[in-house]
Amino acid sequence: MKKIKLIITLCFLVFLAACSSDDDSSTKVDNTKQEIILPKDLRAVWFTTVWQRDWPQNQFDVSVQKKMYTDYLDKMVELNFNSIFVQVRSMADAFYKSKYEPWSANITGVRGQDPGYDVMRFMVEEAHKRGLEFHAWINPYRISTRAKVADSFAPLKMELEENMYVDCQKIRVYNPALPEVRQRLADIVLEIINNYDVDGIVMDDYFYPSLEPGEEFPDAKDYSELAEVGQTKDQFRFSNVDKTIKLLHESIVAARPEVSFTVSPQGNADNNKKIYADVESWTKEKWVDFVMPQLYYDEPNFSKWANHWSRYSWYSVPMIAYGLYKVEDGSFNVAQIQRQFEVADRYPRYMGTTFYSAKALFSGNGEVDDLIKSRFANPALIPHNGRKVLPEPTAPVGVSLSGSVLSWDSNNSDVIFAVYRVAPSFYDSDKARAELVVLTKEKTTEVNSSGRYYITAVNKRNHESNLSLYVEKK
């Protein structure tokens, strides 16, 4: 009986490992049967548009807006980032022409005013020109906020039945209990991914709203009419958000399966329960591809919650969102962020690094620049996170070395090439951790350090070929 239990356990662990990504391992086996561990790291910046925090900062001239955005992108490329998370829907508004919601006031200063250009198309195309992935960041329920109850919420400027939204003391939200709200949110996501070549959809921690002390969410009528038999009110609310996440996942997979779906919850998992976000279950159900907790804490809480979220790497690719804004406002110093990197490195399954937010990253602080340059000294490939929709590339062939010039051949089209180096210290190991030296569209590059060099081909959806045969530089 013990042997049977052991076999079942081992089979289950193998199954989990196989399911932890879409058959896109971070390891490859070379022709000597050595296991080569290939580094993967999604490196992104939160590009915040609500209240114009990062962009456009009250700059409503189109040429000024465009230059501000491309300056951000150029800086990201310089620092070896590979993705940007742009907030394209923060208050039931849009950075694109939508049949559901009005143009965002953050673009022109006036809600509903056409800015005169396709903002989202411009942003996506400029990111892709620079080899950056573009992930569309949306806030699902939030419609409007106000400073105090005596104030009025901003006019809706869209057709909504009164029961489709709920007014709380300081926030107006879509009603999470209604099936028609869930479908509307799915339709909005479909509008984005069908009309724009985005690489991912990202949601942060705005689900049921955080309320004022003593305030109760006004859903007694919905609970009495829509709750399942025996459901408590808490179970009802959790279920409402679960249904939204499940529907968004299914809608994305059906329409554009290569698009990833990321949720960035509060780092403190206990706080997510207060907004009825069961993120751990969403990862287990594989409704999200990336889980990216906001670990905006100093010790000991950073270590505590980094350990907590690493446990869900069996199900979704885990990343960490770092609170770089705390360096900007003086709450942290750069050394604290460096210590957080060191903690995160204890958990090799973390395969993503994101910073909130762009304004903090590009504040001109030389220490921040040095920190990022040190952390991202080499380029990085993004861990594949959606479903495979393109054939996997074939491995490059004909790899040769003449002096310091490495060359190869390939019959793949529309790919980039990743050049990896394995240091001599790993030659006699069963496993070797490779270093990504360069990403290039060319079939030649210069290498200067001793080691074994391998090449892979990577298509535009981050599917990576097997390793080429290696050549060794003495």
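Residue indices begin at 1 and follow the sequence shown. From a predicted model like this one, the values you see are computed outputs, not experimental measurements.
Judged purely by atom type and a 3.5 angstrom limit, D54 uses its side chain to pair as donor or acceptor with the backbone of K359. No donor-acceptor pair under 3.5 Å is formed between the side chain of Y96 and the backbone N or O of I192. Judged purely by atom type and a 3.5 angstrom limit, Y350 uses its side chain to pair as donor or acceptor with the backbone of S310. Put simply, the side chain of N272 gets close to the backbone of Q266: a donor and an acceptor are under 3.5 Å apart. The main-chain N or O of G386 is never found under 3.5 Å from a side-chain atom of D289 such that the two would form a donor-acceptor pair. R387 places a side-chain N or O within donor-acceptor distance of the main-chain N or O of V259, the cut-off being under 3.5 Å. Between the Q34 side chain and the S429 main chain, a donor and an acceptor come within less than 3.5 Å of each other. When atom types are taken as modelled, the side chain of R256 and the backbone of V198 share a donor-acceptor pair closer than 3.5 angstrom. In this structure a side-chain-to-backbone donor-acceptor pair under 3.5 Å is missing from S374 to L371. Although no hydrogens or angles enter the test, the distance criterion places no donor-acceptor pair under 3.5 Å between the side chain of N82 and the main chain of L42.
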**Message:** Before you tell me yes or no, could you show the steps for N80 and N378 under side chain to side chain donor-acceptor pair (under 3.5 Å), namely the whole-Å CA-CA distance, both residues' side-chain angles and the distance that decides it to 0.1 Å?
**Reply:** CA-CA 7 Å; N80 276 332; N378 286 19; over 6 Å; no
**Request:** Would you sort out whether D369 and K75 count as a salt bridge (charged side-chain N to carboxylate O under 4.0 Å, His left out), showing the intermediate values?
**Result:** CA-CA 10 Å; D369 277 6; K75 182 72 169 179; 3.1 Å; yes
**Message:** I'd like to know whether R461 forms a salt bridge (charged side-chain N to carboxylate O under 4.0 Å, His left out) with D414, so could you lay out the CA-CA distance, the side-chain angles of the two residues, the decisive distance to 0.1 Å, and finally the verdict.
**Reply:** CA-CA 11 Å; R461 295 302 173 194; D414 198 19; over 6 Å; no
**Request:** Would you sort out whether L467 and L38 count as a side-chain contact (heavy atoms from CB on, under 4.5 Å), showing the intermediate values?
**Result:** CA-CA 10 Å; L467 296 166; L38 306 181; 4.3 Å; yes
**Prompt:** Which is it for E180 and N175 under the side chain to side chain donor-acceptor pair (under 3.5 Å) test, yes or no, and what are the steps along the way?
**Reply:** CA-CA 9 Å; E180 52 266 44; N175 187 345; over 6 Å; no
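For the pair E285 and K246, the salt-bridge criterion is not met [side-chain N within less than 4.0 Å of a carboxylate O]. A salt bridge does not link R89 with E191: none of the charged nitrogens is closer than 4.0 Å to a carboxylate oxygen. Salt bridge annotation for D242-R182: absent, with no cationic side-chain nitrogen under 4.0 angstrom from a carboxylate oxygen. A salt bridge does not link K284 to D278: none of the charged nitrogens lies less than 4.0 Å from a carboxylate oxygen.
With sequence neighbours left out, the salt bridge (charged side-chain N to carboxylate O under 4.0 Å, His left out) criterion links D270 to K273.
Both the sub-6.0 Å distance and the 45° axial angle are satisfied by K66 relative to the ring of Y117. Seen from the ring of F341, R375 counts as a face-on cation partner, given the 6.0 Å and 45° thresholds. For R349 and W314, the positive end sits near the middle of the six-membered ring, less than 6.0 Å away and at most 45° from its axis.
If you look at W55 and Y72, their ring centroids are not closer than 6.0 Å. Ring centroid separation for the pair F238 and Y276 comes in under the 6.0 Å cut-off. Between Y325 and Y356, the ring centre distance stays below 6.0 Å. For F81 and F376, the ring centers sit closer than 6.0 Å to each other. Separation of the F302 and Y297 ring centroids does not fall under the 6.0 Å cut-off.
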For residues 124-132, please give each side-chain donor-acceptor pair under 3.5 Å, one per line with the distance, not counting sequence neighbours.
residue : atom : partner : partner atom : Å
E126    : OE1  : R130    : NH1          : 2.7
E126    : OE2  : K129    : NZ           : 2.9
H128    : NE2  : D199    : OD2          : 2.8
R130    : NE   : D74     : OD1          : 2.6
R130    : NH1  : E126    : O            : 3.0
R130    : NH2  : D74     : OD1          : 3.3

Which atom pairs, one a donor and one an acceptor, fall under 3.5 Å between side chains of residues 441-453 and the rest of the protein, sequence neighbours left out?
residue : atom : partner : partner atom : Å
K443    : NZ   : S410    : O            : 3.3
T444    : OG1  : L406    : O            : 3.1
Y453    : OH   : S449    : O            : 2.7

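Across I320 and A344, no two heavy atoms sit closer than the pair CD1-CB, 3.7 Å. Residues T70 and F122 come closest through the heavy atom pair CG2-CZ, 3.9 Å. Between V189 and L248, the closest heavy-atom pair is CG2-CD2, 3.9 Å. The two residues S465 and P396 make their nearest non-hydrogen contact at OG-CD, 3.8 Å. In terms of heavy-atom proximity, L436 sits nearest to V419 at CD1-O, 3.5 Å. Heavy atoms only, all atoms of each residue included: S264 and M292 are closest at OG-O, 2.5 Å.
Each of F355, Y296, W137 was compared with W46 under the ring pair (Phe, Tyr, Trp, His ring centres under 6.0 Å) criterion, and only W137 meets it. Considering T456, N466, N459 as possible partners of P393, the one that fulfils the side chain to side chain contact (heavy atoms under 4.5 Å, CB included) test is N459. Screening T49, I143, I107, N106 for a side chain to side chain contact (heavy atoms under 4.5 Å, CB included) involving D93 leaves a single residue, N106.
Between atom OG1 of residue T48 and atom CD of residue Q87 there is a gap of 5.5 Å, rounded to the nearest 0.5 Å. Between atom CZ of residue F207 and atom OG1 of residue T244 there is a gap of 9.0 Å, rounded to the nearest 0.5 Å. Here the straight-line distance linking atom CZ of F134 with atom CZ of R121 works out to 11.5 Å at 0.5 Å rounding. W103 CH2 to T108 OG1: the interatomic distance, rounded to the nearest 0.5 Å, is 9.5 Å. One distance of note links CG of N194 with OG of S251; it measures 10.0 Å at 0.5 Å rounding. The distance from the CE atom of M120 to the CZ atom of F95 is 9.5 Å, given to the nearest 0.5 Å.
Counting heavy-atom neighbours within 6.0 Å of E159 CD, excluding the residue itself, gives a total of 12 or less. When the shell of 6.0 Å around NZ of K67 is examined, it contains 12 or fewer heavy atoms from other residues, nucleotides or ligands. Heavy-atom contacts from other residues, nucleotides or ligands closer than 6.0 Å to CG of D345 number more than 12.
Between the side chains of Y347 and S313, no donor-acceptor pair of N or O atoms lies under 3.5 Å. Between E328 and N365, the side chains place no donor N or O within less than 3.5 Å of an acceptor N or O (distance only, hydrogens not considered). Defined by atom type and a distance below 3.5 Å, a donor-acceptor pair is missing between the side-chain atoms of Y470 and D30.
Using a 4.5 Å heavy-atom cutoff, the side chains of T262 and M319 are in contact. Y315 places none of its side-chain heavy atoms less than 4.5 Å from the side chain of V291.
Between Y312 and H308, the ring planes are tilted. Angles from 30° to 60° get that label.
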